[in-house]
Amino acid sequence: MKNNKFYITTPIYYVNGDPHIGHAYTTIAADIIARFNRMLGKDTFLLTGSDEHGEKIMQAAAIDNMDPQAFVDKNSAKFEITWDNLNISNDNFIRTTSKNHKLAVQKSLQKLFDKGLIYKGEHNGLYCIGCEQYKTEKDLVDGLCSDHQKKPIEVKEDCYMFKLSVFRNIIKNKIETDELQIKPEDKKNEVLSFLNEGLKDISFSRKIKWGVELPWDTTQTAYVWPDAFLNYITGLDWNGEDKAPPMWPAEVQLMSKDIIRVHATIWIAILLGLELPLPKKLFVHGFFLVNGQKMSKSVGNVITPDDLLKNYGTDGTRYLLASATPFGHDGDISMDKFDLKYNADLANGIGNLVARSISLTKKMKDAGIKLSTNSFATNNSNQDTWGDQIFQHEIHSAWEDYKKNLDDLQLDLSIRVVQEQISFLDNYITTVKPWELIRDNNPKTGEVIYNILERIRHIALMMLPFIPETADKILSAISLDPEQEKQKGWETFTKWGGLLTDAEIKESAILFPRK
RNA sequence: CGCGGGGUGGAGAAGUUAGGCAUCUCGCCAGGCCCAUAACCUGGAGGUCAUCGGUUCAAAUCCGGUCCCCGCAACCA
């Protein structure tokens with residue numbers, strides 16, 4: 001029954017700071033994929049949310065002189081506002097401080113504990129007295145705390161451990177056989193070679209207050225792994241019962257490359273321990289570099305979602321991020337490159353194309369000519385290379401390519417298919433010269449303009465997952481309602497001829513002003 | 001020999017799984033068009049596909065060596 005469902009998740013973001021471009025990238029990509037699957041008619045659910053427990057939150061809250069709960073309320077709201085500004089169509093926003101989530105985490109931990117998968121152990125940490133906090137190896141420079149230039153002391157602390165090690169072989173097998181897909185291929189290889197080195201048991205709890213209390217030992221709270229990862233199911237209103245909700249498992253879990261290992265090991269082991277189904281696919285995308293450098297506050301080259309929104313608007317930002325780089329690989333970005341691409345693809349491309357098409361239509365109407373589709377069927381004997389057969393075939397194969405690329409999550413490639421359609425139509429207009437047809441009152445005029453507008457309809461629908469507001473504007477301009485179009489079903493709206501010949505064509509404002 | 005990825009006209013990328021005319025976007029040059037947001041269309045210049053060797057009728061692609069660059073190495077999208 002649930003063959004036709006599509007569940008996609010983003011990671012939940014740690015809300016000790018503001019949303020940055022990487023969060024936006026993952027979330028926009030997930031939204032595009034979700035919107036595409038809704039277009040296909042699938043029962044689609046998009047989940048994102050925030051990770052709100054842990055020591056760093058406590059510290060950040062203390063610096064702001066705030067209660068942790070008030071602090072995460074404030075910060076997770078910033079994320080929700082950003083997603084609103086980016087027109088993200090998430091079906092839920094899961095917060096790890098929500099009551100239902102905490103309850104489900106506790107039930108799950110108890111279950112793992114009862115099965116003997118959690119045992120009492122020790123956590124060895126590097127503690128910096130200056131910072132009053134634990135450091136990881138990565139935090140250290142030459143073995144010293146970067147803030148205090150002191151060597152941290154080794155501290156042993158009681159905690160509960162999770163038997164991750166026992167899951168190595170089964171996880172390896174599931175990945176090798178693609179029962180659990182990891183894409184792209186190089187990331188799968190990386191995970192497999194990591195698994196070859198073996199898995200160690202990991203700490204599952206800490207002695208800090210800000211977290212989910214362990215049911216059997218309230219002096220400890222859940223560490224990030226059981227707390228954060230379970231959001232992917234609690235986000236579906238799961239309360240920890242034995243059976244997963246019908247939407248689970250996820251078809252796609254999106255993430256960036258820095259967290260693939262923990263997902264492919266710890267998260268999967270938790271699911272195996274709870275005897276819940278595994279996600280179908282973990283898809284890993286790359287990082288952004290700015291002019292070849294890693295984005296960092298100290299270098300001062302950070303580009304924020306708000307910077308992009310201010311410059312390019314909602315749809316401009318969505319489009320530029322989605323097409324900036326091959327999906328699944330690192331990419332180099334800069335505001336200069338964004339400006340170029342904005343002008344080339346959005347202003348000069350789709351924006352100008354729509355403007356010239358609508359203007360031609362208006363001139364045609366002023367000349368008293370109507371849209372028509374009549375004579376093509378009887379007109380096949382002519383030598384016109386722009387005949388309707390070619391025209392229809394072209395659009396059909398374009399839809400196939402488009403769908404194939406999006407099914408494979410190749411966002412950048414599907415955008416390229418649409419760009420080809422735009423070029424094709426620009427070329428058609430230049431070649432057929434509708435302004436001459438109108439002037440000469442040529443009997444083909446109505447058909448030619450129909451062809452142009454019908455093609456605009458297809459382009460707008462292809463763009464719908466990427467730039468929904470703009471697609472909406474374009475469809476409205478040719479008297480179509482996006483929701484009604486989608487209702488017709490994929491097979492219908494991708495066919496040639498969806499535009500009505502009596503459609504009222506409205507002028508629309510400039511879609512993307514040039515930079 | 002820790003693991004993984006990469007080196008393709010001036011810039012950014014595709015193509016490598018499956019060998020078969022080196023492709024796309026931006027930039028540059030020349031022409032065209034006059035519907036459109038100084039837009040759009042056509043043509044052109046520019047590449048020994050990092051490098052050396054091998055296999056083959058044929059190599060960016062397969063094999064071996066060398067030189068560079070970049071990630072990861074347990075809670076940074």
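In what follows, chains are A, B, ... by sequence order, proteins preceding strands, each numbered from 1.
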Do Trp267(A) and Tyr232(A) have ring centres separated by under 6.0 Å?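 Judged by ring-centre distance (under 6.0 Å), Trp267(A) and Tyr232(A) do meet the cut-off.
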Validation row, ring centre Tyr312(A) to ring centre Tyr342(A) under 6.0 Å: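 Ring centres of Tyr342(A) and Tyr312(A) closer than 6.0 Å.
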Starting from Watson-Crick (N1-N3 plus N6-O4 or O6-N4) and G-U wobble pairs under 3.5 Å, report the runs of at least three that RNA chain B belongs to.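 The stems are B:2-7 with B:67-72, B:10-13 with B:23-26, B:28-32 with B:40-44, B:50-54 with B:62-66.
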Given rC76(B), rA77(B), rC40(B), the nucleotide with the shortest approach to the side chain of Asp426(A):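 Selected nucleotide: rC40(B).
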Would you indicate which nucleotide in rA77(B), rA74(B), rC26(B) comes nearest to any side-chain atom of Leu199(A)?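 That would be rA74(B).
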Given the [atom1] atoms of [N] and [M], what is the spacing between them in whole Å?
N       : M       : atom1 : value
rC52(B) : rA59(B) : P     : 15 Å
rG10(B) : rG64(B) : C1'   : 34 Å
rA73(B) : rG7(B)  : P     : 23 Å
rC68(B) : rU25(B) : C1'   : 27 Å
rG9(B)  : rG47(B) : P     : 10 Å

Strictly below 4.0 Å, N to O, side chains only: are [X] and [Y] in salt-bridge contact?
X         : Y         : result
Asp408(A) : Lys183(A) : no
Arg318(A) : Asp31(A)  : yes
Lys403(A) : Glu400(A) : no
Arg416(A) : Asp412(A) : no
Asp201(A) : Lys163(A) : no

Within the sub-3.5 Å range, which N or O atoms of nucleotides 2-8 of chain B have a protein N or O partner, and how far apart are they?
{"unit_1": "rC3(B)", "atom_1": "O2'", "unit_2": "Ser193(A)", "atom_2": "OG", "d": "2.4"}

Considering every strand and a 4.0 Å limit on heavy-atom distances, what is the contact class for Leu511(A): base, sugar-phosphate, or nothing?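 Since a base atom lies under 4.0 Å of Leu511(A), the category is base.
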Less than 4.0 angstrom between a side-chain N/O of Asn348(A) and OP1 or OP2 of rC40(B), yes or no?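 Indeed, a polar side-chain atom of Asn348(A) lies that close.
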Measuring to OP1 and OP2 of rU42(B), would you say a side-chain N or O of Asn427(A) lies under 4.0 angstrom away?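 Asn427(A) to rU42(B) OP1/OP2: side-chain N or O found under 4.0 Å.
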Using a strict heavy-atom distance below 4.0 Å, which residues from residues 224-234 of chain A are in contact with RNA chain B?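 Only Val224(A), Trp225(A) qualify.
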I need the full list of salt bridge (charged side-chain N to carboxylate O under 4.0 Å, His left out) pairs touching residues 345-364 of chain A, with sequence neighbours left out, sorted by first then second residue.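 The answer is Lys341(A)-Asp345(A), Arg356(A)-Asp426(A), Lys362(A)-Asp366(A).
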Scan nucleotides 31-35 of chain B against the protein and return all N/O pairs shorter than 3.5 Å with their distances rounded to 0.1 Å.
{"unit_1": "rC35(B)", "atom_1": "O2'", "unit_2": "Ser359(A)", "atom_2": "OG", "d": "3.0"}
{"unit_1": "rC35(B)", "atom_1": "O2", "unit_2": "Arg356(A)", "atom_2": "NE", "d": "3.1"}
{"unit_1": "rC35(B)", "atom_1": "N3", "unit_2": "Arg356(A)", "atom_2": "NE", "d": "3.4"}
{"unit_1": "rC35(B)", "atom_1": "N3", "unit_2": "Arg356(A)", "atom_2": "NH2", "d": "2.6"}
{"unit_1": "rC35(B)", "atom_1": "N4", "unit_2": "Arg356(A)", "atom_2": "NH2", "d": "3.2"}

All N/O donor-acceptor pairs, side-chain side in residues 469-477 of chain A, below 3.5 Å, sequence neighbours left out:
{"unit_1": "Thr470(A)", "atom_1": "OG1", "unit_2": "Asp315(A)", "atom_2": "OD2", "d": "2.7"}
{"unit_1": "Ser476(A)", "atom_1": "OG", "unit_2": "Asp472(A)", "atom_2": "O", "d": "2.8"}

